[in-house]
Protein chains: 2
Amino acid sequence: MDTGLLNEVFQEASFSRAELSTVGACLKKIDLKKGEVLLRKGDTVAYTHYVHRGCLRSFVVDESGKDHTLQFAIKDWWISDYTAFFTGDAAMMSIECIQNTTLYRLSRKDMEQLYLDIPKLETFFRKKLEKRMAAFHRRTLGNLAMPAKERYQAFVKTYPSIEQQVKNYHIASYLGITTESLSRIRKELLH
Amino acid sequence: MDTGLLNEVFQEASFSRAELSTVGACLKKIDLKKGEVLLRKGDTVAYTHYVHRGCLRSFVVDESGKDHTLQFAIKDWWISDYTAFFTGDAAMMSIECIQNTTLYRLSRKDMEQLYLDIPKLETFFRKKLEKRMAAFHRRTLGNLAMPAKERYQAFVKTYPSIEQQVKNYHIASYLGITTESLSRIRKELLH
DNA sequence: AGCCTTTCTTATCCTACATCAATTTTTCGC
DNA sequence: GCGAAAAATTGATGTAGGATAAGAAAGGCT
């Protein structure tokens with residue numbers, strides 16, 4: 001793996017050349033086409049993934065067949081079912097590519113070893129996790145407090161680049177409403 | 001601080017006597033009465049708290065004045081606004097005692113120092129955070145998929161001891177429904 | 001015990017969003 | 001560029017849970 005890419009992945013942390021190369025040896029490049037599934041509900045989750053290019057979404061399908069998008073991931077994001085990744089439980093969600101995508105994956109096993117070799121890395125990922133939790137938290141609180149129209153506006157404001165890239169039915173699924181409702185909301189917002 | 005209590009707080013981890021006493025020196029006992037507020041929205045969050053006795057809840061109040069309970073904490077739980085605690089941002093939520101409570105608090109500053117002195121402790125708290133995220137995640141996914149009646153049943157099943165201890169309006173606020181709706185649901189469940 | 005406050009229940013009506021059912025518009029392979 | 005499939009829109013109707021307004025129980029406190 002080249003150093004340029006590694007510096008990109010771990011840009012916030014400052015690792016030595018030796019450390020980067022130790023980490024780099026654990027990352028494996030994966031190319032996926034639009035529509036391909038990275039992780040299926042029920043799977044054991046051995047990896048977390050850094051998104052280098054493309055777009056994915058994590059989602060659950062409930063008993064009544066409704067699809068709920070939990071998160072989109074674009075360049076520079078890490079994505080996995082972290083709950084399952086950390087606990088060893090079966091995945092509660094699925095993850096699919098909604099565009100052609102290039103990922104770098106890191107296994108839980110390698111990660112645990114890396115934590116021992118490079119303590120700074122535990123801090124790096126702990127901070128990632130904290131940030132992710134914060135974002136998820138904010139989103140959940142928003143969902144509680146806001147009607148659908150405001151949730152949509154908040155989404156567009158927070159993730160303009162994602163809003164451009166994904167289908168309306170994915171946005172609707174993220175907002176927890178039907179495409180019909182989203183369509184009506186967008187109409188209203190045009191006055 | 002006595003060793004018995006410290007062993008209780010850090011029961012899952014195995015720390016040496018010296019480590020425990022280092023940590024113990026950072027914990028401060030706090031007694032609070034029912035109704036007292038531990039943390040107010042907007043505060044800077046300098047502490048996380050281990051619950052030794054009693055019950056607290058974290059909550060947000062939205063623009064329309066509605067109260068949303070995010071989490072209850074009983075004996076053996078840690079509670080704080082972790083987002084704010086870790087990022088340094090102002091608290092997004094408030095935390096209040098709904099029973100007389102005894103806590104042991106740990107400051108972010110001491111925690112960061114302890115991470116350096118006792119690396120195992122970072123692992124201990126990372127695992128706590130992972131578990132918390134998993135629980136919160138599960139709950140959120142449940143909320144997406146389930147109607148109020150099932151959410152209530154799931155709550156009763158998951159937290160029977162909490163269900164006994166707290167008022168119906170707190171449960172309703174946790175489930176994201178009105179007390180009236182909860183009342184109807186409970187009636188239905190009696191056949 | 002009796003009074004006052006807090007909590008819980010019940011009934012009626014209402015609203016945001018879902019569901020169902022057509023279209024219309026966009027996208028994309030050939 | 002054309003036709004089929006996918007995506008988005010629009011309209012009519014349904015429903016879970018909210019809002020409002022009483023009233024009934026259940027705790028305290030003196």
Side-chain angles (χ1 to χ4, degrees), chain A residues 33-36 54-55 57 59-69 72 96-100 140 142-156 162-191, chain B residues 33-36 55 57 59-69 72 96-100 139-140 142-156 162-191:
Chain A
K33 292 252 170 65
K34 178 175 170 174
E36 285 193 87
C55 185
R57 70 175 189 118
F59 63 100
V60 292
V61 179
D62 67 36
E63 309 93 74
S64 64
K66 258 181 295 182
D67 178 306
H68 305 266
T69 295
F72 295 107
E96 67 172 14
C97 299
I98 55 182
Q99 285 177 16
N100 295 341
T140 305
N143 282 185
L144 294 174
M146 296 189 292
K149 181 163 41 168
E150 288 168 40
R151 296 208 300 279
Y152 173 65
Q153 290 174 303
F155 172 74
V156 172
I162 292 178
E163 201 261 343
Q164 308 293 341
Q165 289 178 49
V166 306
K167 300 289 183 200
N168 273 197
Y169 56 77
H170 283 142
I171 297 176
S173 149
Y174 179 85
L175 296 175
I177 57 177
T178 58
T179 51
E180 292 93 330
S181 292
L182 178 55
S183 186
R184 284 180 199 116
I185 286 168
R186 308 178 111 214
K187 192 181 179 185
E188 264 189 83
L189 290 174
L190 300 171
H191 300 117
Chain B
K33 291 252 169 65
K34 178 175 171 176
E36 286 192 86
C55 185
R57 71 177 188 116
F59 64 100
V60 292
V61 179
D62 69 36
E63 311 92 73
S64 64
K66 259 180 295 185
D67 178 306
H68 305 267
T69 295
F72 295 107
E96 67 173 13
C97 299
I98 55 182
Q99 285 175 16
N100 295 340
R139 162 153 140 81
T140 305
N143 283 185
L144 294 175
M146 297 188 291
K149 181 164 38 170
E150 287 168 43
R151 294 207 302 276
Y152 173 64
Q153 291 175 302
F155 171 74
V156 172
I162 292 177
E163 202 260 343
Q164 308 294 342
Q165 289 179 50
V166 306
K167 300 289 182 201
N168 272 196
Y169 56 76
H170 283 141
I171 298 176
S173 148
Y174 179 85
L175 297 174
I177 57 177
T178 58
T179 50
E180 292 91 335
S181 292
L182 178 55
S183 189
R184 282 180 214 121
I185 287 168
R186 308 179 111 214
K187 192 181 178 186
E188 264 190 85
L189 291 174
L190 301 170
H191 300 115

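Proteins come first, then strands; the chains are lettered A, B, ... in the order of their sequence lines, and each starts at number 1.
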**Prompt:** When you measure from every atom of DNA chain D, which of residues 165-173 of chain B have a heavy atom less than 4.0 Å away?
**Reply:** none
Output the rounded distance in Å from [atom1] ([X]) to [atom2] ([N]).
X	N	atom1	atom2	answer
B:Glu163	C:dC8	CD	P	11 Å
A:Leu190	D:dA8	CG	P	15 Å
B:Ile185	D:dG18	CD1	C1'	12 Å
A:Arg186	D:dA7	CZ	C1'	11 Å

**Prompt:** Any side-chain N or O of A:Lys187 less than 4.0 Å from the OP1 or OP2 oxygen of D:dT10?
**Reply:** yes
**Message:** Between A:Glu180 and A:Arg186, does any NZ, NE, NH1 or NH2 come within less than 4.0 Å of an OD or OE carboxylate oxygen?
**Reply:** no
**Asked** Would you say the side-chain atoms of B:Asp67 and B:Ser173 include a donor-acceptor pair closer than 3.5 Å?
**Response** yes
Compare every heavy atom of [Y] with every heavy atom of [X], then report the nearest pair and how far apart it is.
X	Y	result
A:Asp62	A:His68	OD2-NE2, 2.8 Å
A:Phe59	A:Thr69	CB-CA, 4.0 Å
B:Glu163	B:Val156	CG-CG2, 3.8 Å
B:Leu189	B:Gln153	CD2-NE2, 3.4 Å

**Item:** Position toward the 5' end of DNA chain D (nearest nucleotide), B:Met146 or B:Lys34
**Value:** B:Met146
Just so I know, are the side chains of [X] and [Y] near enough to count as touching, which here means a heavy-atom distance under 4.5 Å?
X	Y	result
A:Arg151	A:Ile177	yes
A:Ile162	A:Tyr174	no
B:Glu96	B:Glu36	no

**Request:** Could you encode protein contacts along nucleotides 18-25 of chain C as a string, one character per nucleotide from 5' to 3', using B for base contact, S for sugar-phosphate-only contact and - for no contact, with a heavy-atom cut-off of under 4.0 Å?
**Result:** SBBB----
**Mutual orientation of the aromatic rings belonging to A:Phe72 and A:His170 [parallel < 30°, tilted 30-60°, perpendicular > 60°]** = perpendicular
**B:Arg139 to B:Phe155, cation-pi by 6.0 Å centre distance and 45° axis angle** = no
**Message:** How bent is the helix from C:dA1-D:dT30 to C:dC30-D:dG1, measuring the angle between the end axes built from five pairs each, rounded to 10°?
**Reply:** 50°
